[in-house]
Each structure stands twice: as structure tokens, then as C-alpha cells.
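Only one structure is covered here, and it is reproduced in the block below.
Per chain, numbering begins at 1; letters A, B, ... match sequence-line order. Computed from a prediction, not measured in an experiment: that's the story for all the values here.
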Amino acid sequence: MLLRMSTLLLKTLREEPADAEVPSHRLLVRAGFVRRAAPGGYTWLPLGKLVLDRVTEVVRDEMAAAGGQEVSFPALLPREPFDTSGRWTEYGDLLLTLQDRRGADYLLAPTHEEMFTLLVQDMTSSYRDLPLLLFQVQTKFRDEARPRGGLLRGREFLMKDAYSFDLDDAGLTSAYDRMRTAYQQIFRRLGVEHTIVAAVSGAMGGSASEEFLAPAEVGEDTFVGCTACDYAANTEAVVTPAPPARPVTAPAAAVHDTPGTPTIATLVELANERRLGGRDDWAASDTLKNVVVVVHHPGRTDEIVAIGVPGDREVDLKRLDAALAPATATLFDDFAVRPDLVKGYLGPQGLPIRYLADPRVAPGTAWLTGANQAGRHATDVVAGRDFVPDGAIEAAEVRAGDTCPACGGGTLTIRRGIEIGHIFQLGRRYTDAFRVDVLGADGKPVRPTMGSYGIGLTRAVAVIAEQHHDERGLIWPDAVAPADVHIVAAGRDGQIEAALSLGATLVRAGVRVLVDDRPNVSAGVKFTDSELIGIPRSVVVGRRLMEGYAELRNRRTGDRQELPLVDIPGVIMGRLG
RNA sequence: CGGGAUGUGGCGCAGCUUGGUCAGCGCACCGGUUUCGGGAACCGGGGGCCGCGGGUUCGAAUCCCGCCAUCCCGACCA
């Protein structure tokens with residue numbers, strides 16, 4: 001491959017686009033790899049397309065090596081399969097739907113569980129046909145409320161999605177482990193630093209689930225690590241260690257007048273002032289905060305639910321949603337229509353609505369909480385005695401310094417990350433929905449169990465740019481660079497001809513070459529463009545051409561080396577391995 | 001969906017408060033001359049229903065109303 005910049009569709013920008021915020025977005029636009037074409041949609045320009053294709057090839061290669069077979073489905077799908085799986089409603093507003101001329105419902109697929117399941121249903125009939133690992137590389141659509149970060153979150157993006165079909169749990173576990181290993185290999189080849197964290201499966205359904213997160217300030221996921229062990233989890237998946245049940249030692253609950261204390265802070269202050277229960281050391285963590293939310297069950301009517309968390313913690317709506325999936329929750333604030341819910345003075349005792357409590361609200365624990373009367377709170381309200389939650393829920397915020405749920409010894413640290421891959425064991429949710437069975441060796445039907453494995457390819461390009469750049473521009477890893485060598489002709493005394501000739505020599509040896517053969521462009525411009533574009537090594541054919549020398553540069557280290565022109569191909573071949 | 005901001009040649013912006021030589025600047029682009037290893041200089045040019053619709057006015061990029069779009073924060077989000 002030899003690309004000539006004199007004819008390449010490329011325009012680098014000296015100034016940053018006004019709408020670009022994150023580094024990857026700024027650089028990819030400035031360097032002429034992509035440009036915005038629609039809200040949440042980007043055009044891949046020649047250089048960007050080369051990178052995207054190389055990323056895709058790495059993924060394909062590793063998927064094939066892991067036994068995957070590539071197929072391709074339409075992106076435009078009819079409604080019926082998604083009705084069968086329930087996702088037409090469960091996926092919510094994020095599903096990009098449309099109608100054809102007859103008014104029939106269609107969607108632009110966000111993922112393809114249904115279609116893969118149907119394909120396997122159609123084409124398999126015996127246990128001998130399994131296991132299967134199928135994948136595709138395809139454009140996905142989501143009606144994102146707010147696309148952001150350039151390529152990081154679009155409404156249309158390229159994704160590799162893969163699905164495994166196995167006869168039993170052991171097969172699923174094996175496929176899952178194989179994918180996990182393949183993903184580590186993929187991200188290693190792509191040069192993407194990442195952490196594997198325990199995750200929740202969300203609207204997809206299923207059980208075991210892990211995310212591959214690229215640590216980054218601009219990331220939208222928050223995850224924890226442990227100071228003592230190797231535990232790592234998305235905050236949505238952090239499980240709170242429940243204290244053991246303890247015997248009830250507290251006296252009977254007592255109601256106190258606590259006027260003007262609708263918040264935890266005001267309550268604690270007043271409780272200490274008045275020495276409620278004979279104490280003046282009340283802390284927010286002694287109180288039980290009860291937050292009312294509206295739970296939206298897909299396809300059913302909304303439900304009003306109270307969530308109880310220790311008063312020193314906020315309810316984390318992301319964690320709450322994850323715990324309620326596929327239902328979602330929003331804060332309830334229409335207390336006018338529910339006079340039986342006393343805002344600011346809610347307690348779990350005798351609440352007229354369903355009550356879900358944080359695991360820390362263990363049987364035997366005593367709390368200072370609302371008395372369900374305006375201006376009154378109750379002390380010594382004991383879980384298991386004065387109230388019994390309708391269930392436990394992981395809704396309280398996770399904080400740095402919390403005890404690690406895995407080892408119990410270390411504490412948690414918190415970081416942000418970009419989700420670049422997600423693997424999980426779906427189980428039989430979809431094979432059940434579509435009643436997929438194959439005949440087992442004993443002649444009885446067996447229902448296959450599935451795994452689902454995704455990598456955001458568009459996003460991967462952005463993450464690579466996010467992790468590999470400096471103040472001058474991009475620095476692509478060898479495996480995905482748009483070219484292996486950037487030859488810069490810095491001069492007009494035959495430098496362009498010499499550069500093209502060197503390029504031709506390298507191309508014959510299988511090297512990908514970009515030549516800056518633009519006439520009448522100053523050397524300075526070519527150097528800055530070269531650094532912005534970020535091809536890992538460049539050859540400057542310049543003023544020492546007459547002596548037969550050129551300069552080899554390393555974009556990452558900045559190293560420069562004057563070499564005889566004739567030696568350059570050999571040196572480059574050596575370094576490319 | 002809430003909060004904030006912004007819409008003026010391809011890109012980045014000024015002009016709006018105080019309506020009238022305001023349609024302008026930088027980059028990019030075209031022609032010419034010079035320059036040629038770190039975003040060159042000079043000369044000459046082309047390109048904009050000032051987001052859309054309505055209103056006020058003799059006159060609107062500028063004031064008023066409505067709408068749309070984009071970006072940022074939050075909500076939302078495999």
C-alpha cells in the first residue's frame with residue numbers, strides 16, 4: 001500500500017473543532033481521520049478507515065483463532081423477534097425504531113441476540129451441531145439521548161458481537177473463558193490498557209458478566225479496585241457485604257418530635273441537641289434514609305417503591321437501575337398525590353408501599369428514622385422487629401474506602417473507565433424465548449445455553465487515540481497505524497522523486513507507506529502534519545539527499561537517526577520484524 | 001427529560017449591549033512572484049438568503065415572539 005498525500009483526501013486542521021471536548025475526538029478530527037456528519041454519526045475519512053479496518057482485522061483474527069465463524073445479519077429488522085424476546089419494550093427509548101411504508105414496525109438493531117438465536121434454531125437440530133461460536137462485525141444503532149465524546153458514544157457505531165451456543169453449563173463456561181482469553185489477546189495487540197471488572201448484565205439478561213474497561217477520566221463507567229486483593233468491579237456490580245444478623249438488644253422504638261428536620265443533616269443536628277435516646281453522638285450513619293422512587297416495569301404499570309439506605313449514603317441511581325433491571329427507576333417527587341407518604345419523615349414501619357433495604361440494614365440493626373408523621377422521627381427502629389423489608393437491594397452509593405466485598409481486608413478505590421468490551425453468560429433467556437432445542441444423544445431435547453461477547457470497534461479506535469497521543473498529535477501502535485512508515489519529502493531538489501522511489505521499494509517488501517509528496521508545502525508543515533497523523537516511524541528525505549542520507553524518526557520516542565538512504569529499507573524491515 | 005451555552009463563507013471567531021459604510025478578521029481555497037528542515041512572504045482573487053419562521057421599524061446579523069439544531073453538565077445508557 002502506498003498512499004500519496006498529494007492526492008489523499010486529507011485536510012488537517014490547525015485549529016480544534018469547537019465541539020470537540022475529549023482528546024481522542026479533537027485529535028482524530030484535527031488529523032483528518034474522521035469528521036462529524038450527523039448527530040452521533042461520523043464519516044470515516046481514508047486515514048481513519050484504514051485504522052478502523054486494521055482494528056477490525058485484529059478482532060476478526062482472534063475471533064477466528066478462538067473458533068468463531070463470521071456471519072452477517074441485516075441491521076434493519078422487523079419487530080416480531082424483539083417482541084418474542086421482550087426487548088421491543090424492555091430496551092426502552094434506546095431502541096431506534098421506524099416504520100415502513102405500510103406502517104409495519106422495524107428497528108435498527110442495537111445488538112443481535114434474537115437473530116443469532118433464530119439462525120441457530122433454523123440450522124441446528126442435533127447435539128452434534130453444537131457447540132457453535134458465531135460472530136459478526138456490524139453497524140449498530142441506538143437512539144442515544146445524548147451522544148458524546150465524538151466516537152466514544154454515537155448513535156451509530158461499529159461493533160463486533162459474538163454469541164456462543166453450548167449444550168450445558170460446562171460448555172458455556174469453557175466458551176466464556178475462551179472469549180475472555182481472546183479479548184485479552186485482542187486488547188494486548190491493539191495496545192489498549194484495560195482492566196477486567198465484574199459487571200451486571202443489564203437489559204440483556206443473563207448471569208456472569210465482565211467488562212473490559214480502559215481507565216480514562218472521560219470514561220462513563222465507574223469501577224472499583226481493592227487495595228489488598230485483585231477484586232475489580234463496575235460500581236453497579238459491587239455487592240455490599242451484609243453484616244450478620246444480631247440479637248435485638250435495643251429498647252422498644254420511641255417516637256420523638258423532630259420539627260424542621262426533613263434532611264439527614266438537620267435530623268442529626270437536632271437529635272444531638274435534644275439528646276434523643278439519651279445520646280449526643282448521633283451520626284448520619286445511625287439514621288435510615290428512605291427514598292421513594294417510581295419503578296418503571298417494561299410493559300407494565302409503574303410502581304412506587306421506597307428504598308432504605310444508611311443516612312450517610314446517597315442512593316446511586318445507576319446502581320439502583322442495575323439492581324432493578326430490566327425495570328428502571330426515577331425519583332418520586334409527586335408527594336401531593338400520596339398524602340400517606342410523608343416527605344422527609346418516612347420510616348419503614350408500616351409503610352404502605354413496597355420497601356427494599358440496603359444489605360447493611362440487617363436483622364437486629366437499630367435505626368433512627370422517620371415516624372411517618374410530619375415533624376416526627378423514631379429511635380430504636382429495629383430491622384426484623386419493627387419492620388421487615390420486602391427485599392434487599394444494592395442501591396447505596398459505593399465509596400472509596402469501603403470494605404472490599406471479596407477479601408474483607410482491603411478497601412476499595414474508585415476510577416473511571418471506558419467500556420470497550422463486555423462478555424457475559426446469557427444462559428437460556430433467548431433460547432427459552434424462541435424455544436430452541438436440539439436433540440441430545442439420548443434422543444431427548446436439549447435447550448442450548450448462550451454467551452454473548454461484544455467489542456465496540458468504533459470506540460476502540462477512540463480509546464487507542466485516547467491512550468496513545470502526546471501534545472503534538474497521535475501516536476498509533478504498530479498494529480493499527482494507517483501506515484507503517486511516513487516518508488516525508490522535505491525539499492524539491494529531487495526529494496519527492498527519491499521519497500516515492502523509497503516508498504515503492506518498501507511497498508514491494510510488503511510495507512504500508514504514506515508519502516508526503518506534496519509540492520510547494522514547506523518542510524515545517526510536513527513535519528507537524530506527520531506528527532499529528534502519528535504514523536509510528538517516519539523517514540525524512542531532505543537536505544542530505546545529495547550525500548545519499550535520510551533521517552529515520554521514531555514518533556513515540558522522538559529519536560532521530562541519519563542513515564544512508566540505501567540502508568533504510570533494511571533497517572525498517574528489521575524493526576517491523 | 002432538567003440546567004447552561006451557542007448558531008455569522010469549509011474551519012475558528014468578531015460584530016449584537018447602543019438597529020443605518022458590518023457583512024468583517026485569521027486559517028483554508030484559487031492565480032502570480034519569491035521562499036524551501038519546523039505550521040513562509042508579498043500581490044491579486046473567489047466564496048456567506050448572518051440556523052428557520054413570524055413580528056416591530058423607513059431600515060434588522062443586531063430588538064421582540066416562536067421553532068429547530070448543536071455542544072457542555074446532569075438524568076438516561078451492554
Tell me the interatomic distance from [X], atom [atom1], to [N], atom [atom2], rounded to whole angstroms.
{"X": "A:Leu94", "N": "B:A78", "atom1": "CG", "atom2": "C1'", "result": "10 Å"}
{"X": "A:Glu562", "N": "B:G37", "atom1": "CD", "atom2": "C1'", "result": "11 Å"}
{"X": "A:Tyr176", "N": "B:A78", "atom1": "OH", "atom2": "P", "result": "17 Å"}
{"X": "A:Arg14", "N": "B:C13", "atom1": "CZ", "atom2": "C1'", "result": "15 Å"}
{"X": "A:Glu144", "N": "B:C1", "atom1": "CD", "atom2": "C1'", "result": "15 Å"}
{"X": "A:Asp516", "N": "B:G38", "atom1": "CG", "atom2": "C1'", "result": "13 Å"}
{"X": "A:Asp316", "N": "B:G74", "atom1": "CG", "atom2": "P", "result": "13 Å"}
{"X": "A:Leu317", "N": "B:C77", "atom1": "CG", "atom2": "P", "result": "10 Å"}

Ignoring the backbone of [X], work out which of [options] is nearest its side chain.
{"X": "A:Glu211", "options": "B:G39, B:A78, B:G26", "answer": "B:A78"}
{"X": "A:Lys318", "options": "B:C76, B:A78, B:U35", "answer": "B:C76"}
{"X": "A:Ala18", "options": "B:A28, B:A75, B:G12", "answer": "B:G12"}
{"X": "A:Glu21", "options": "B:C77, B:C72, B:G37", "answer": "B:C72"}
{"X": "A:Arg36", "options": "B:C29, B:C77, B:C71", "answer": "B:C71"}
{"X": "A:Glu15", "options": "B:G37, B:A78, B:C11", "answer": "B:C11"}
{"X": "A:Tyr163", "options": "B:A75, B:A78, B:G39", "answer": "B:A78"}
{"X": "A:Leu13", "options": "B:G37, B:U35, B:C11", "answer": "B:C11"}
{"X": "A:Asp19", "options": "B:G38, B:G39, B:C71", "answer": "B:C71"}
{"X": "A:Glu531", "options": "B:G39, B:G38, B:C77", "answer": "B:G38"}

Sugar-phosphate, base or nothing in reach of A:Asp493, heavy atoms under 4.0 Å: nothing

A:Arg148 vs B:C72: side-chain N/O to OP1/OP2 distance below 4.0 Å: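 Checking B:C72 against A:Arg148, no side-chain N or O comes under 4.0 Å of OP1 or OP2.
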
Phosphate OP1/OP2 of B:G39 contacted by A:Ser522 side-chain N/O (<4.0 Å):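 A:Ser522 to B:G39 OP1/OP2: no side-chain N or O under 4.0 Å.
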
Nucleotide opposite [N] in a Watson-Crick or G-U pair, distances under 3.5 Å:
{"N": "B:A14", "value": "none"}
{"N": "B:U35", "value": "none"}
{"N": "B:U6", "value": "B:A69"}
{"N": "B:C63", "value": "B:G55"}
{"N": "B:C1", "value": "B:G74"}
{"N": "B:C29", "value": "B:G45"}
{"N": "B:U21", "value": "none"}

Donor-acceptor pair, side chain of A:Glu70 and main chain of A:Arg60, under 3.5 angstrom: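 It does not hold such a pair.
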
Nearest-Å distance once atom [atom1] is located in both [N] and [M]:
{"N": "B:C13", "M": "B:A5", "atom1": "C1'", "value": "16 Å"}
{"N": "B:U6", "M": "B:C52", "atom1": "C1'", "value": "16 Å"}
{"N": "B:C25", "M": "B:A14", "atom1": "P", "value": "16 Å"}
{"N": "B:C64", "M": "B:C16", "atom1": "C1'", "value": "14 Å"}

Between A:Arg87 and A:Thr111: side-chain donor-acceptor atoms closer than 3.5 Å: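 There is such a pair between these side chains.
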
Modelled atom types, side-chain donor and acceptor of A:Arg416 and A:Thr222, under 3.5 Å: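 Yes, side-chain donor-acceptor contact under 3.5 Å.
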
Side-chain ion pair, [X] and [Y], N-O less than 4.0 Å:
{"X": "A:Arg399", "Y": "A:Asp316", "answer": "no"}
{"X": "A:Arg148", "Y": "A:Glu220", "answer": "yes"}
{"X": "A:Arg313", "Y": "A:Asp358", "answer": "no"}
{"X": "A:Asp432", "Y": "A:Arg428", "answer": "no"}

Base [N] paired with [X] side chain (donor-acceptor, <3.5 Å):
{"X": "A:Arg30", "N": "B:G39", "result": "yes"}
{"X": "A:Arg153", "N": "B:C77", "result": "yes"}
{"X": "A:Arg543", "N": "B:G38", "result": "no"}

Trace of the salt bridge (Lys or Arg N to Asp or Glu O under 4.0 Å) decision for A:Arg319 with A:Glu394: CA-CA 6 Å; A:Arg319 274 171 50 76; A:Glu394 291 289 349; 2.8 Å; yes

